[in-house]
Amino acid sequence: MINVAIDGTSSSGKSTMAKALAKSVGYTYIDTGAMYRSVALFCLRHGLITDGKVDVERLLPMLPDINISFKIEDGKQITYLNGENVENEIRGLEVSNNVSLVAAIAEVRHAMVRLQQDMGKNKGVVMDGRDIGTVVLPDAEIKLYVTTSPEIRAKRRFDEMRAKGDTSVTLDDIIANVKMRDHLDTTRKESPLRKADDAVEVDSGKFATAEEQIAWAVDYFHQFMQGK
Ligand code: DC
């Protein structure tokens, strides 16, 4: 077995691709964004975030009390924070709006990276995040860096929201949000998002559908394994 590291920008379709690839080849999918989201939820619940600032001094001694694990239920990966199913809550707006603050804290990143490296030590994982190929699993046999233009990514999110009946934001709002998140992800001091030198860049805009993108990844995996 090998490890697969999948990094890239937000809304690039990387999570859908990573999840489907793992399922297709029988590997374990690890959503590292869910781990940062769980820490953000912990901080919100403990009143550690006020006015866009995290109380790092109070958070640090609590870090060992944050236990994050994943379980597969009905074929879906569910995130647990200290034994509680938080899968829905970590996808909500409050966590989404605060998670980048928490993901920028060096000590939080070190703790998460240690956990993630432990999860990858026996191989057989498809790990999805921002720093997997560069920091977490620099020896991963397959490294993919998935991105495309902010406009295409925003359009995907816009269509998803419209399909759910959400008409609260315009396409221009979402383009601005995607660009802001790119800026935060690529300019933070601690492990900014960047393509590993040995990662293969995947332009997700060239695929007409998510299924095509998934089929490409599965095919790439099998070709790699045959050439080994
Ligand atoms: O992929 P996502 O939207 O669930 O990620 C949530 C946040 O965590 C986002 O601000 C990027 C950050 N993140 C990170 O810094 N490093 C990772 N390996 C994964 C996510």
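Indexing begins at 1, ligand by ligand and atom by atom, following the structure's order.
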Practice task
Please work out whether any backbone atom (N, CA, C, O) or any side-chain heavy atom from C-beta onward of Arg188 is under 4.0 Å from ligand 1, and answer side chain, backbone, both or neither.
Solution key: side chain
Handout entry: Pair Ser96-Arg37, side-chain donor/acceptor within less than 3.5 Å
Key = yes
Practice task
Using distance alone, determine whether Asp131 and ligand 1 share an N or O pair under 3.5 Å.
Solution key: yes
Exercise for the section: Do me a favour and list the nearest non-hydrogen protein atom to atom 3 (O) of ligand 1 with residue, atom name and distance? Expected result: Arg37 NH2, 3.1 Å
Problem - Aromatic plane relationship, Trp216 with Phe207 - under 30° parallel, 30 to 60° tilted, over 60° perpendicular - result: tilted
Problem - Residues Asp166 and Ser168: side-chain donor-acceptor under 3.5 angstrom - result: yes
Completion exercise
Arg58 and Gly47 have their tightest heavy-atom pair at NH1-O, 3.9 Å
Problem - Protein contact to atom 8 (O) of ligand 1 [nearest heavy atom, distance to 0.1 Å] - result: Tyr36 CB, 3.8 Å
Exercise for the section: Return yes when Met112 approaches ligand 1 closer than 4.0 angstrom through a heavy atom, no otherwise. Expected result: no
Problem - Charged tip of Lys23 within 45° of Tyr29 ring normal and under 6.0 Å - result: no
Practice task
State the atoms of ligand 1, each with its element, that fall below the 4.0 Å cut-off from a heavy-atom position in Ala103.
Solution key: 12 (C), 15 (O)
Practice task
Decide whether Ser15 and Asp128 meet the rule of one side-chain donor and one side-chain acceptor closer than 3.5 Å.
Solution key: yes
Problem - Any N/O pair Thr32/ligand 1 closer than 3.5 Å - result: yes
Exercise for the section: Using distance alone, with no hydrogens and no angle criterion, decide if Asp131 and Thr134 have a side-chain donor and acceptor under 3.5 Å apart. Expected result: no
Practice task
Using a strict 4.0 Å cut-off to heavy atoms of Arg181, name the atoms of ligand 1 that fall inside it.
Solution key: 3 (O)
Practice task
Heavy-atom contacts with Arg109 under 4.0 Å: which atoms of ligand 1 show up? List them by number with element.
Solution key: 14 (C), 15 (O), 16 (N), 17 (C)
Handout entry: side chain to side chain donor-acceptor pair (under 3.5 Å) evaluation trace for Glu87 with Thr79
Key = CA-CA 5 Å; Glu87 187 57 39; Thr79 310; 2.7 Å; yes
Practice task
Taking only heavy atoms of Gly33 into account, list the atoms of ligand 1 that are under 4.0 Å away from them.
Solution key: 4 (O), 5 (O), 19 (C), 20 (C)
Exercise for the section: Could you tell me whether Met35 approaches ligand 1 through its side chain, its backbone, both or neither, with non-hydrogen atoms closer than 4.0 Å? Expected result: neither
Handout entry: Test of proximity, Arg130 against ligand 1: N or O pairs below 3.5 Å
Key = yes
